[in-house]
Amino acid sequence: MSREVRVRFAPSPTGPLHIGGVRTALYNYLFARKMGGKFLLRIEDTDQTRFVPGAEDYIKESLEWLGISPDESPWNPGDCAPYRQSERKPSYMQYALDLVEAGHAYYAFDTSEELEAMRERLTAARVVQPQYNSITRTQMKNSLTLPEEEVKARLASGEPYVIRVKIPRKEEVRLNDMIRGWVMVQSATLDDKVLMKSDGMPTYHLANIVDDHLMNITHVIRGEEWLPSAPLHVLLYKFFGWEDTMPEFAHLPLLLKPDGNGKLSKRDGDKLGFPVFPLNWENKVDGDTAAGFREQGYLSDAFLNFLAFLGWNPGDEREIFSLEELIEAFSVERIGKSGTKFDIAKAKWFNEQYLRAKSNAELAPYVIADAAKEGVTIIQDTAEALVALMKERVTFPAEIWQGSRFVVEAPTEFDQDIAGKRWNADAVTILTAYAETLEGYTGDFDAEKAKALLGETAEAKELKLGKSMQAVRLAVTGVGAGPDLMEIFAILGTEEVAKRIRFALATLEVIG
RNA sequence: GGUCGGUUCGUCUAGGGGUUAGGACACGUCCCUUUCACGGAUGAAACACGGGUUCGAUUCCCGUACCGACUACCA
C-alpha cells in the first residue's frame with residue numbers, strides 16, 4: 001500500500017533564507033510534483049531566542065519569486081494546521097511524557113553549570129566522548145539516579161527540568177538513505193539529547209519527529225548537516241511505535257565555498273561580490289543586510305535552473321530546463337553525494353541564456369524602469385528597440401539601459417582615448433558629407449539604408465570607410481564600442497544622427 | 001579527539017571492470033564581424049594515494065591521505 005507522497009521544507013526563521021535552504025525547498029518541491037504529492041512548509045520556531053522578525057515573510061516571498069510555493073503552509077493552511085511549531089507547542093509535552101512513561105526518556109535537573117562542569121571533568125579525564133550518555137547519566141541529577149520521591153518533589157516545586165531521550169546502551173541503528181544507501185551507527189556513540197527544554201518548548205529532534213508523523217510526511221529531504229542526528233530520529237520513531245510510517249530520508253550534499261574549503265556562508269558572498277541569498281534582506285532590528293540574486297538581476301527561472309543543477313543533473317547533456325521540465329526529469333537517485341562548490345560564473349551563464357530567450361517585449365519593462373530611475377521617460381517601442389540592440393550582449397537586464405542609454409541621450413562628451421586615435425581629417429570629411437546627405441534625405445531610413453548611404457558618401461570622397469568607422473561611432477555615441485551602429489542609426493533617424501554628427505564635428509579637435 | 005559522510009579536468013558533472021574517460025562553465029587560439037559581443041570551430045585540462053580481487057581497475061574491496069558535517073536546553 002502506498003501513501004500519498006508528502007514532503008516538507010522546515011526552515012527556522014532566524015534570518016534570510018540561505019541559498020542552500022532554497023535548493024532544499026526546490027528539491028522537495030520537485031519531488032512532490034514529480035510524485036504527484038504535496039509540498040508543505042513548516043516553520044520551526046522552537047528557539048524563541050533566535051527568532052528574527054521578517055524572516056518568515058522572507059521565506060514566503062523567496063519561494064513565491066521562484067514559483068515553488070508550498071501546498072500547505074502557515075499562510076495557506078491545510079488539514080495539519082497549525083504550521084508553526086510555536087503554535088503547536090501544547091501538543092509536544094504529552095509525546096515527551098509518553099516516552100518517559102515507556103522508559104525511553106527521563107527528567108533531568110542538571111543546571112547548565114553542572115553540565116559544563118561534567119564536560120570539563122570528562123575532557124580532563126580524556127574521555128573520548130564528553131557527553132550526557134548512557135554512562136555519564138548515572139552520575140547526573142535525573143529521574144534515573146534520584147529517588148522517585150525526590151523527583152516528584154522537584155517536579156512539584158516547579159524546579160526547571162528538561163526531558164532527555166534514553167539512548168540504549170548497545171544497539172545498532174541503521175537507516176537507508178535514498179542518496180547514500182545504508183548508514184549504520186552504534187547507539188553508544190549517541191548522546192541523551194534533550195527533547196523538551198526547560199522553557200517548555202521541544203527541541204528540533206522531538207518537534208520534528210512528532211510533526212512529521214502528524215503531518216503524514218513520507219520523505220524527509222534535507223541538508224547533509226542532519227545526517228549525524230538521523231539515527232536519533234530513527235530511534236525516536238521506534239520508541240513512539242511509528243516505524244511503519246517512518247519517512248524515507250534523503251540527505252542532500254552541502255553547498256561549499258567557491259575558493260578554499262568549508263560551507264558556503266554569507267561572508268563568502270560579501271568577499272567575492274555575489275549574493276548567497278535569493279532576495280535582498282534587511283534586518284530592521286540590528287541593521288544586518290544581505291544582497292539577493294533577484295535584486296542583482298538574476299531572472300527567477302534562470303536562478304531556479306542554476307539551483308537545480310547544484311548537486312543534481314538529468315543524466316544527459318541538456319542544461320536548460322523550465323520548472324515543468326525539471327519536474328519531469330527530476331529524481332532523487334540522480335542527486336550527487338559530494339559537496340558542491342558554488343560557481344557564480346555558471347549562474348551568470350544561465351542568466352544570459354534565459355535573457356536571450358526572452359522576447360523584447362518581456363524585457364522592455366526593465367529598461368523603462370531603469371530609465372525612469374534616472375528621470376528618463378521612454379516608451380515601450382523604444383525600450384523594445386534597445387532590448388533588441390543589447391539582449392545578446394549582457395548578463396543582467398540592468399545592463400541593457402546602461403549599455404544603450406546613449407541611444408536616447410545624445411553624448412555631451414566623447415571618449416578622449418578613441419578621439420585621440422581616430423578623429424582624423426578623413427573621418428571629418430566623411431562625417432561632414434554624411435551629415436549633409438542625411439539632412440537632405442527624405443526616404444525610408446533603416447539599418448540597411450543607413451549603411452548604404454554611408455558607404456556611398458565615403459566612396460564619393462574616395463575614402464576608405466573602414467578606417468573611419470570608429471570615428472563615426474564616436475561621433476554619434478560618444479564611445480568606441482557598442483552594439484551595431486547602423487541599427488542605432490535606424491532607431492535615431494536621419495535628423496538626430498545628423499545633429500549628433502554636427503555636434504561632434506563642432507566639439508572635437510582634429511588630430512595631426 | 002570521536003562519529004558519520006565524501007573524493008573524475010580550475011568548477012559543475014557523465015560514465016563505469018577492457019572508453020581516444022564525454023559534456024557544460026571558465027580559459028587559450030581561429031573563423032564570422034568595419035567595434036564590442038553573440039555564434040561557429042578548435043585547444044589545453046581530471047579518475048587523490050597505496051594495497052588487494054582480476055587476464056585486466058578510474059570503476060569492486062581494504063587501508064591511508066585530504067575535505068566536510070556533526071559533536072548545545074540552535075536548528
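Just so it is clear, the model here is predicted, and its values are computed rather than measured. Below, chains carry the letters A, B, ... as their sequence lines are ordered, and counting in each starts from 1.
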Expressed in whole Å, how much space separates the [atom1] atoms belonging to [N] and [M]?
N      : M      : atom1 : value
B:rG22 : B:rA14 : P     : 15 Å
B:rA26 : B:rU13 : C1'   : 15 Å
B:rU54 : B:rG40 : C1'   : 46 Å
B:rC67 : B:rU58 : P     : 24 Å
B:rG50 : B:rC31 : P     : 44 Å

Sugar-phosphate only, base, or nothing, as touched by [X] at under 4.0 Å among non-hydrogen atoms:
X        : result
A:Arg126 : nothing
A:Pro483 : base
A:Leu254 : sugar-phosphate
A:Met184 : sugar-phosphate
A:Val162 : base
A:Asp110 : base
A:Tyr204 : base
A:Arg222 : nothing
A:Gly336 : nothing
A:Lys337 : sugar-phosphate

State, yes or no, whether a side-chain contact exists between [X] and [Y] at a heavy-atom distance under 4.5 Å.
X        : Y        : answer
A:Thr395 : A:Leu355 : no
A:Ser62  : A:Trp281 : no
A:Tyr434 : A:Leu453 : yes

Rounded off to whole Å, could you give me the [atom1]-to-[atom2] distance for the [X] and [N] pair?
X        : N      : atom1 : atom2 : value
A:Phe396 : B:rA37 : CZ    : C1'   : 16 Å
A:Asp191 : B:rC70 : CG    : P     : 15 Å
A:Leu227 : B:rG68 : CG    : C1'   : 12 Å
A:Phe489 : B:rU34 : CZ    : C1'   : 12 Å
A:Glu224 : B:rU3  : CD    : P     : 17 Å
A:Leu256 : B:rC67 : CG    : C1'   : 8 Å

Is there a side-chain polar atom (N or O) of [X] under 4.0 Å from OP1 or OP2 of [N]?
X        : N      : result
A:Arg164 : B:rC73 : yes
A:Arg334 : B:rC12 : no
A:Asn313 : B:rA14 : yes
A:Lys341 : B:rU7  : no

* To do: Please lay out, stage by stage, how A:Asp45 and A:Arg84 fare under the test salt bridge (Lys or Arg N to Asp or Glu O under 4.0 Å).
  => CA-CA 7 Å; A:Asp45 54 350; A:Arg84 282 185 201 94; 5.4 Å; no
* To do: Walk me through it: do A:Ile418 and A:Val479 pass the test side chain to side chain contact (heavy atoms under 4.5 Å, CB included)?
  => CA-CA 8 Å; A:Ile418 303 294; A:Val479 293; over 6 Å; no
* Asked: Roughly how far, to the nearest 0.5 Å, is the CE atom of A:Met246 from the CG atom of A:Leu236?
  ->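 Atom-to-atom, A:Leu236:CG and A:Met246:CE are 11.0 Å apart.
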* B:rC25 pairs with which nucleotide, Watson-Crick or G-U wobble, both distances below 3.5 Å? ->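 Per the H-bond distance test, B:rG10.
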* Nucleotide paired to B:rG63 in any strand shown, Watson-Crick or G-U, under 3.5 Å ->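 The answer is B:rC49, by the H-bond criterion.
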* ring-ring contact (aromatic ring centres under 6.0 Å, His included) partner of A:Phe306, the single match among A:Phe342, A:Phe321, A:Tyr298 ->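 Running ring-ring contact (aromatic ring centres under 6.0 Å, His included) over A:Phe342, A:Phe321, A:Tyr298 with A:Phe306 returns exactly one hit, A:Phe342.
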* Earlier contact from the 5' end, RNA chain B, for A:Thr340 and A:Lys263 ->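 Its nearest nucleotide being more 5', the pick is A:Thr340.
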* Asked: Is there a residue in residues 41-48 of chain A whose heavy atoms reach under 4.0 Å of RNA chain B, and which residues are they?
  ->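 When residues 41-48 of chain A is checked for heavy atoms under 4.0 Å from RNA chain B, the hits, listed by number, are A:Glu44, A:Thr46, A:Asp47.
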* Asked: Tell me, which pairs form a salt bridge (Lys or Arg N to Asp or Glu O under 4.0 Å) where one or both residues lie in residues 183-201 of chain A, sequence neighbours left out?
  ->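 Passing the test, one end in residues 183-201 of chain A: A:Arg137-A:Asp192, A:Asp191-A:Lys193.
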